[in-house]
Amino acid sequence: MTKKAETSEEVKPRSVRVVLMALMIAMLLAMLDNMIIGTAMPTIVGELGGLEHLSWVVTAYTLATAASTPIWGKIGDMYGRKGSFLTSIVIFLIGSALSGMAQDMGQLIGFRAIQGLGAGGLMVGVMAIIGDLIPPRERGKYQGMMAGVMALAMIGGPLVGGTITDHMGWRWSFYINLPLGAVALAMVTAVLHLPKKKAQGKIDYLGAALLTIAITSTVLVTTWGGTEYAWGSGEVIGLIIVGIVSIAAFLYVETKAAEPVMPLHIFRSRNFTLMSVIGFLVGFAMFGGVLYLPLFQQSVQGASATNSGLLLLPMLLSMMVVSLIAGRITTSSGKYKMFPIVGGALMVVGLFLLATMDTGTTRLMSGVYMAVLGAGLGFLMQITMLVAQNSVDMKDMGVASSSATLFRTLGGSFGVALMGSLFTSQVTDTMTDRLGPEAAAKAGSAQLDAASLAKLPEAMRDAYQHAVAAGTHSAFLLGAVIAVLGFAAAWFVKEVPLRGAGPAQAAGGEGGEDEGKTAQAPQESVAH
C-alpha cells in the first residue's frame, strides 16, 4: 500500500469521528432542550405571565417535532441528507434565539413551535446520516455513545437549567443552544461530504398534510385526555375521529403517490414492522419511567427536586453500559436477535419490580429496580433503530429512521397519557378512602415535592405518600403489561445479516445507483 493510500485510510476514520461528534452535539441539542426548559418554567411564568397557557410551551414543541419528523426523513431521502440536516439545525437555532427574545407567552409558544420543527429534523438527521456513513454491522460500536448522550441530557438537563436560570436568567436557557448549534453547524459543513441527490418526483404534500393532522390529533388526545378534558368529552372524541379519518385518508393517498412521504412498502419487511412496534413500547416504558420515578422519589422518599435528574442515574447508567456492550457484541458477531428478547424480558421484570414499590421501599432497592429497567432499555434502544435501518434499502434510510423515531415518540406520548391518567385516578381514590373528599381535595392541591409535603399535617402527609405509592404501582403495572407485548414481538424477529461487515466501509458515505441492494456494496468516503 502506498503512503498516500495509508494516509487516506487514516483520514477516513478521523473524519467519521469528527462528523459523529457534530451529530452527537446536534442530538444533545434536541434532547437537552425540554429538560433545561422544565426547570426554568416557573421563572418564565413569573416574568411573562400566562400561567393558563403554560402546558402549550411544551406541547407546541412536542407537536411540531412529532409532526415534522417523517417529513424531514423524506426530504433527506429525496434531496440529500446534508442539506436537510443543516437546514434543520438553522431552523432550530432561529427558534431558540426567538424564544429567548419572547416578550409574552403567546410569542414563546409560537417560537417554541419553530424550534420544534427544527428539532424533528435534528433527530432524524442524526440517525439517517449515521445509517449512511456506518454499515449496520459496524454501527454497534457507537451505540454506547448515543446512549451516553441521552443519559447526559436527562441527568444534566435539569441541573444545567436550574444553574442557568439562577445565575444568567431564563432567556439563556434558549441562548445556550446558539454556540453549541454553531459548532455542530460548522463541523458538519466542513467535514461531512455526501453526494447530492436529485429527486425523481415531487414531494407528497397531501400525504404530508394528512400525516401531520393524524399525528397532531394523536398527540393532542394523549396530552389533553384526562387532564384538560375528560376522556369522554366532545373535544377528545372529536380529535379521535379526526385522527382515525386522517390516518385512513393518509393510507389511501400513500398508495397513489409517486414519492410517498412514508412508503408503505417498508412495512412489508417483518423486521421493520416489529421494530416499529417494539420502539413504540420502548417509548411507552421509558418516558413513563422518566416522569414517574422522580415523582415517587420526591413525594414518597423525600428526595430533593433540585437534583431530580440524578435520581434517574441507576437507570440511565445501566442503559448506557448495556447499550455499549450490546453494540460491541453485535459488531463482532453480527448477531442481534437475542437482544430484543433479553431486553423485552428485562423491561417487563423492571417495570414489575417498580410496581412493587411502596412507602417502605428504600432508595437502594428502587435504584436496583431502575437498573433492571435501564438494562432492558439498553438492549432495545439502539438495536431497534439498527434493525429497522437494516431492513430497508439505502434509498429509504431517511423514512426508516424517521418512522422508527416517530413510533418511539408516539409511544412516549401514549405512555405518559395512559400511565398519568391511571396514576391520577389512583391517587384521588386512595386519598378519598383515607381522608374523605374534603381533606383529599386540600392535600391534592399541594405540590408534589418534599418541601411542600413537609408542611402538611402528619396524617395527611402519610395518606398522600401512600396515595402516590398506589398511583405509581398502578402506572408501572400497566407499563409491565404493555411491555409483555414487546417481549412477545421480539421472538418473531428474523436474524437478517447486517450490511457491511468490513471495517473499511465504516468511513463510507451514501452509495450510488445500486445502494442498499447488496450487503457488501461499496460506499463513498466522507473524507475529502
Side-chain angles (χ1 to χ4, degrees), residues 7-33 35-36 72 76 80-93 96 118-157 160 176-194 316-317 319-321 323-324 327-328 331 381-382 385-386 389 397-398 401 405 500 503-510 523-528:
T7 304
S8 176
E9 289 301 314
E10 292 173 0
V11 172
K12 285 180 183 179
R14 191 180 305 127
S15 297
V16 171
R17 284 195 292 269
V18 174
V19 171
L20 283 174
M21 189 181 301
L23 295 179
M24 292 305 106
I25 293 174
M27 185 176 173
L28 184 64
L29 282 174
M31 298 195 65
L32 198 61
D33 195 73
M35 299 291 178
I36 290 180
W72 281 114
R81 209 81 65 208
K82 181 177 179 178
S84 64
F85 185 57
L86 291 175
T87 302
S88 69
I89 295 177
V90 171
I91 292 174
F92 182 84
L93 295 182
S96 298
L122 289 182
M123 290 302 294
V124 174
V126 168
M127 297 302 176
I129 290 173
I130 288 176
D132 279 343
L133 297 183
I134 305 167
R137 178 69 180 267
E138 302 298 321
R139 212 171 298 155
K141 296 177 183 177
Y142 305 97
Q143 287 183 19
M145 184 188 299
M146 289 183 274
V149 169
M150 185 176 298
L152 179 63
M154 291 181 177
I155 295 170
V160 172
I176 192 67
N177 293 330
L178 302 181
L180 287 173
V183 169
L185 201 61
M187 292 172 70
V188 171
T189 302
V191 182
L192 180 64
H193 299 279
L194 297 173
L316 297 172
L317 281 179
M319 182 177 73
M320 182 172 64
V321 171
S323 181
L324 179 61
R328 290 289 179 178
T331 297
M381 284 293 295
Q382 302 305 328
M385 180 64 74
L386 186 151
Q389 291 178 334
M397 186 65 69
S401 303
T405 303
Q505 294 179 17
E510 295 185 34
Q523 299 178 8
E524 296 187 29
S525 169
V526 298
H528 281 235

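Note that the structure is predicted; figures quoted are calculated from it, not measured. Any value given below was found using the heavy atoms of this structure, including those in side chains, with hydrogens, waters and symmetry copies removed.
More than 12 non-hydrogen atoms from other residues, nucleotides or ligands lie less than 6.0 angstrom from CE of M187.
Closest approach of V188 and K82 over heavy atoms only: O-CE, 3.6 Å. Of all non-hydrogen atoms in V126 and A26, the two that sit nearest each other are CG2-CB, 4.3 Å. In terms of heavy atoms, R81 sits closest to A128 at CD-CB, 3.5 Å. In plain terms, the two heavy atoms of A184 and A22 that are nearest each other are CB-O, 3.8 Å. Nearest heavy atom pair, residue S96 against residue N177, reads OG-ND2, 3.1 Å.
Annotation: side chain of F92 is not in contact with side chain of L185 (no heavy-atom distance under 4.5 Å). Contact annotation: the side chain of L324 never approaches that of M319 to less than 4.5 Å [non-hydrogen atoms, C-beta and beyond].
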Task: Test side-chain contact (heavy atoms from CB on, under 4.5 Å) applied to L23 and L20, step by step - done: CA-CA 5 Å; L23 295 179; L20 283 174; 4.2 Å; yes

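The OG1 atom of T405 sits 11.5 Å away from atom CG of L122, with the distance rounded to the nearest 0.5 Å.
Of the possible donor and acceptor atoms, one in the side chain of S88 sits under 3.5 Å from a partner among the backbone N and O of F85.
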